[in-house]
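What follows is a short report on a single structure.
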Amino acid sequence: MLRGRLVRPLVSMAGRVCLSRECTGSGTAGPVEAAIRAKLEQALSPEVLELRNESGGHAVPRGSETHFRVAVVSSRFEGLSPLQRHRLVHEALAEELAGPVHALAIQARTPAQWKENPHLDTSPPCLGGSKKTP
């Protein structure tokens, strides 16, 4: 079982924050990010929870918490379709999705699926707002 273990080492990098209980990275989570982590841990008891604040890659003010990517690995997802898994995540984060969070990319996997591919995907570069190319 993966509970309480890092599947792979995580380090704080630009736009990436480690959320494993055993992680010792130096990243500092903002209040929205901390709320997302707490609510997902409470609702889904994840074995692995990786969260990346991707706001810095978008046309938003510095320090924003509006764009996130999350990988949630939970046995609660066993037997559920991808849509049902995403609904569980959305239910847990209803307050954040109704307010400060503009975009949330979700990877909701079972422990077996994560074991096959233990990686958080990356988002394509933002071309919206002031970052549009002519």
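Atom set for the values below is all heavy atoms of this structure, side chains included, hydrogens, waters and symmetry mates excluded. Only a predicted model underlies this, so the values are computations on that prediction, with no experimental measurement involved.
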Intermediate values then yes/no, side-chain contact (heavy atoms from CB on, under 4.5 Å), Val72 and Leu88: CA-CA 11 Å; Val72 184; Leu88 286 176; over 6 Å; no
Side chains of Ser64 and His102 in contact at under 4.5 Å (non-hydrogen atoms): no
Side-chain heavy atoms of Ile36 within contact of Leu93, under 4.5 Å: yes
Least distance between heavy atoms, Thr110 atom then Arg85 atom: CG2-NH2, 3.5 Å
Taking every non-hydrogen atom, the tightest pair across Ala29 and Ala34: CB-N, 4.3 Å
Contact check, side chains of Arg52 and Phe68, non-hydrogen atoms, under 4.5 Å: no
Side chains of Glu65 and Ser55, donor plus acceptor under 3.5 Å: no
Side chain Arg37, main chain Val32, donor-acceptor under 3.5 Å: no
Straight-line distance of Asn53 CG to Leu51 CG, nearest 0.5 Å: 7.5 Å
Derivation of the side-chain contact (heavy atoms from CB on, under 4.5 Å) call for Ser75 and Glu47: CA-CA 8 Å; Ser75 58; Glu47 296 178 14; 4.3 Å; yes
NE2-OG distance between His86 and Ser81, expressed to the nearest 0.5 angstrom: 9.0 Å
Salt bridge present between Glu95 and Lys39 (N-O < 4.0 angstrom): yes
Stepwise side-chain contact (heavy atoms from CB on, under 4.5 Å) test for Arg109 and Gln107: CA-CA 6 Å; Arg109 297 184 184 160; Gln107 290 173 239; 2.9 Å; yes
Flag side-chain contact, heavy atom, 4.5 Å: Leu44 against Val89: yes
Sidechain N-carboxylate O distance under 4.0 Å for Arg69, Glu50: no
Considering all heavy atoms, the nearest Ala35-Glu96 contact: CB-OE2, 3.6 Å
From CZ (Phe77) to CD (Gln84), nearest 0.5 Å: 11.0 Å
Thr66 side, atom OG1; Glu54 side, atom CD - distance, nearest 0.5 Å: 10.0 Å
Check: Pro46 and Val73 side chains under 4.5 Å, non-hydrogen atoms: no
